[in-house]
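The structure under discussion appears below in the form of structure tokens.
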Number of protein chains: 2
Amino acid sequence: MKPTIRDVAKMAEVSISTVSRVMNAPESVIESKRVRVLEAIEKLQYQPNSFARGLIYKKSFTLGLLIPDIENFYYTGIIRGMQDACIKLGYSLMICNTDRDKNRLLSYIDAFHEKQVDGIVFASDVMFPEYYEKLVRCRIPFVLLSTHSDEYDVPSVEIDDEAAAYDAVKFLIDLGHEDIGMIGFNHENSISGPPRYQGFIRALSEAGLEHNGNKVKNATHRFEHAYHAAHELFTEHPELTAVFCVADEFAMGVISYLKDRNVLVPGQVSVVGFDNLRVANMFIPKLTTIAQPMYDMGYRAAEKLHEWMTTGSVEVLRERMSHKLIVRESSRQR
Amino acid sequence: MKPTIRDVAKMAEVSISTVSRVMNAPESVIESKRVRVLEAIEKLQYQPNSFARGLIYKKSFTLGLLIPDIENFYYTGIIRGMQDACIKLGYSLMICNTDRDKNRLLSYIDAFHEKQVDGIVFASDVMFPEYYEKLVRCRIPFVLLSTHSDEYDVPSVEIDDEAAAYDAVKFLIDLGHEDIGMIGFNHENSISGPPRYQGFIRALSEAGLEHNGNKVKNATHRFEHAYHAAHELFTEHPELTAVFCVADEFAMGVISYLKDRNVLVPGQVSVVGFDNLRVANMFIPKLTTIAQPMYDMGYRAAEKLHEWMTTGSVEVLRERMSHKLIVRESSRQR
DNA sequence: AATCGCTTTGAAAAGGTTTTCTTGAAAAGG
DNA sequence: CCTTTTCAAGAAAACCTTTTCAAAGCGATT
């Protein structure tokens with residue numbers, strides 16, 4: 001049997017109240033007894049029962065993280081950041097991977113509710129009313145990460161997708177490219193899809209290159225889709241000399257497609273990615289891309305959630321992290 | 001305030017015992033009262049308090065997973081498999097990323113102990129006596145994944161590293177290569193390092209190519225290290241026409257190095273990786289590699305843990321999953 | 001009519017901790 | 001030397017549920 005506070009008390013020959021005090025307010029118990037208790041704790045390898053504690057504090061000291069796809073490299077950085085923040089804050093972390101499945105997500109919220117997690121970080125998905133209402137009914141505080149909500153006032157942490165996309169496209173334009181395509185996210189069920197498309201359009205308009213506005217194909221998160229989209233894009237628009245991709249995985253898909261067609265990157269076509277995943281620096285050619293501070297975003301989301309949980313309010317509702325263009329080998333002067 | 005069983009009892013005008021029975025043994029309470037209780041539960045959105053329940057059942061219905069490096073693509077497949085198994089078994093999953101830090105791992109075990117997880121899957125790391133003893137002292141059942149222990153009798157799930165390495169090297173030999181190098185794992189703190197090296201040696205010996213036995217450099221998990229190791233390997237042994245890498249990330253590092261030296265892969269040098277990560281199929285060239293069934297391994301590890309937890313024993317102590325050579329573009333006939 | 005057995009229900013204990021309340025002893029003050 | 005104050009530490013209540021035990025009600029059997 002796991003030792004309880006009673007066993008410690010017996011071994012140290014004090015009452016259980018004293019043992020409890022040693023753990024929660026050590027100064028209030030006299031040194032001689034304190035060391036006896038500490039020794040007993042050490043000897044028994046005593047660890048307080050978190051169920052009993054939770055019953056009293058009504059807190060689990062656990063945060064939940066909901067991500068759409070753990071096989072997407074984007075989230076590993078987020079997880080690391082959030083986990084480090086959790087350690088700092090004294091919380092545990094429970095990660096759930098929804099596989100972009102609505103029912104699965106809903107049932108994870110139930111699980112979180114039952115396990116009494118103290119708060120949830122909800123990453124990347126659209127905040128549908130069903131989710132929102134369920135979360136509110138369960139009285140679980142939550143913040144949004146890499147997504148936001150126009151309908152509800154929910155704290156969020158994200159980058160400025162429109163500006164980031166603008167910067168990427170502007171960079172290609174400054175390189176002299178005049179025929180620029182794009183591989184985007186499908187707009188339905190996507191938060192970052194529309195603003196990134198708008199950034200693309202704004203950069204084109206400013207440079208008088210509106211004729212590229214419809215040279216866009218969408219894909220759904222995976223390499224294979226991007227490969228396929230690249231095929232469609234270049235079949236319709238063989239004149240393209242540059243492609244802006246809203247994800248590094250898409251950029252890899254595009255480059256693979258071009259490679260299979262014996263088109264040189266960046267020799268004949270420049271490709272810019274998005275996210276700056278760890279692979280962006282391992283791919284051949286290394287990807288020019290928009291860097292998102294994934295680690296910091298995960299960290300910050302946890303801090304913000306904590307702020308929200310403890311104070312009931314939040315300094316900035318919608319927090320913007322800064323992005324940065326990283327120039328590597330997949331882009332070149334026209 | 002969250003409603004309790006008392007509130008439900010009051011509203012339904014029965015005792016709390018009756019409410020509890022409605023939830024745990026519905027047939028034992030007469031229909032009229034049962035519907036009253038059910039209505040009250042519905043109206044109050046009552047959800048039993050898992051702390052109180054845990055206190056009684058002494059179970060958290062949560063499993064823990066300890067992985068060394070969440071940024072290593074290898075583990076995402078494992079996580080998915082284990083998570084699916086957990087859903088099937090009715091458990092939640094708590095993932096902790098140790099960053100290969102001993103103290104961090106130890107403190108995660110404490111956290112698991114405190115949170116009373118019912119069992120742990122311990123992935124990839126060496127089972128040091130400290131860990132083992134701590135786990136045993138905490139009385140937490142655990143199984144090993146992609147690792148095993150010679151000293152202790154602990155259930156484990158892994159592939160046959162020696163045979164897998166042998167297969168990879170044999171494949172290169174059959175392709176006509178006679179000068180074969182290897183990028184391995186440092187042997188200290190590595191479980192799969194030595195057997196994979198032995199597989200390499202056995203394949204060489206069988207073919208009378210022992211002279212390659214020392215053309216080995218080791219690296220520590222990351223791309224950059226492998227790049228550097230490749231530099232050392234080819235500086236010392238420029239005659240090499242093939243390299244066996246014990247990780248896909250190493251293969252990418254080697255190929256990147258060769259690319260920077262204008263050596264063609266697979267034109268001049270063949271490279272074989274290990275793991276068959278999702279990127280292996282996205283890299284240029286696509287990697288020839290040894291596939292491990294990561295998803296199945298994660299799934300199986302959870303099942304095995306459950307078997308161990310519930311029955312106190314396990315059918316096969318050390319379970320071997322099968323690997324498979326996948327031939328893609330990074331290798332070629334000599 | 002009395003006893004037995006069955007079903008249904010409520011009261012109460014148990015599970016491990018924190019915290020409030022109380023008590024006893026020692027220190028301080030006159 | 002006696003009273004007051006302070007401090008340390010124990011007893012007990014509270015947190016919420018499940019489960020055991022006992023009792024009550026009721027039909028059936030003798």
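Chain naming here is simple, since letters A, B, ... match the order of the sequence lines and numbering starts at 1 in each.
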message: Under a 3.5 Å distance rule, please check whether R139(B) uses its side chain to pair with a backbone N or O of R137(B) as donor and acceptor.
response: yes
- request: Give the rounded distance in Å between these two atoms: CG of N49(A) and P of dT17(D).
  value: 16 Å
K33(A) side chain near dA8(D) phosphate (N/O to OP1/OP2, under 4.0 Å): no
query: Within a strict 4.5 Å, meaning less than it, do heavy atoms of the V314(A) and K304(A) side chains meet?
result: yes
query: With sugar-phosphate meaning primed atoms plus P, OP1 and OP2, does S17(A) contact a base, only sugar-phosphate, or nothing at under 4.0 Å between heavy atoms?
result: base
message: On DNA chain D, compare the nucleotides closest to R21(B) and I56(B); which residue's is nearer the 5' end?
response: I56(B)
- prompt: Taking atom P of dA9(D) as reference, at what distance in whole Å does atom CD of E31(A) sit?
  reply: 12 Å
message: So, does R53(A) get its side chain near the phosphate of dG16(C), meaning an N or O under 4.0 Å from OP1 or OP2?
response: no
- prompt: Base, sugar-phosphate alone, or nothing: which one does T4(B) contact when heavy atoms must sit under 4.0 Å apart?
  reply: sugar-phosphate
Within the 6.0 Å centroid threshold, strictly below: Y152(A) and Y132(A): yes
Residue S20(A), side-chain atoms from C-beta onward, closest of dT19(C), dT19(D), dC15(D): dT19(C)
task: Using the six-membered ring wherever Trp is involved, compare the ring planes of Y91(B) and F61(B) and label them parallel, tilted or perpendicular (cut-offs 30° and 60°).
output: tilted
query: Under 4.0 Å between a side-chain N/O of Y46(A) and OP1 or OP2 of dT17(C), yes or no?
result: yes
Interatomic distance, D125(B) atom CG to K102(B) atom NZ [nearest 0.5 angstrom]: 9.5 Å
- request: Could you check how far CG of L55(B) sits from C1' of dT17(C), rounded to whole Å?
  value: 8 Å
message: Between C1' on dC16(D) and CD on Q116(A), what's the gap in Å once rounded to a whole number?
response: 10 Å
task: Tell me the partner of dG10(C), counting only Watson-Crick (N1-N3 plus N6-O4 or O6-N4) or G-U wobble (N1-O2 and O6-N3) with both under 3.5 Å; none if nothing fits.
output: dC21(D)
message: Closest approach to the side chain of K58(B), judged atom by atom: which nucleotide of dT17(D), dG16(C), dT17(C) is it?
response: dG16(C)
query: In whole angstroms, how far is the P atom of dT17(D) from the CE atom of M23(B)?
result: 7 Å
field: Sugar-phosphate, base or nothing in reach of Y57(B), heavy atoms under 4.0 Å
entry: sugar-phosphate
- request: Would you indicate what I30(B) reaches in the nucleic acid, counting non-hydrogen atoms under 4.0 angstrom: base, sugar-phosphate, or nothing?
  value: sugar-phosphate
query: What integer distance in Å separates I5(A):CD1 from dG15(C):P?
result: 15 Å
- prompt: Any idea which of dG10(D), dT18(C), dT17(D) is nearest the N24(A) side chain?
  reply: dT18(C)
- line: With the side chain defined as heavy atoms from C-beta on, S15(A) is closest, among dT18(D), dG10(C), dA9(D), to dA9(D)
query: Looking across every strand, which nucleic acid part, if any, lies under 4.0 Å from T18(B) by heavy atom: base, sugar-phosphate, or nothing?
result: sugar-phosphate
- line: R34(B) atom CZ is separated from dT8(C) atom P, nearest whole Å, by 10 Å
query: Taking the six-membered ring for Trp, are H221(B) and F185(B) parallel (under 30°), tilted (30 to 60°) or perpendicular (over 60°)?
result: tilted
- prompt: If pairing requires Watson-Crick or G-U wobble contacts with both distances under 3.5 Å, which nucleotide is the partner of dT18(C)?
  reply: dA13(D)
message: Between P on dT17(C) and NZ on K10(A), what's the gap in Å once rounded to a whole number?
response: 13 Å
message: Counting only side-chain nitrogens and oxygens, does K2(B) get under 4.0 Å of the OP1 or OP2 atom of dC16(D)?
response: no
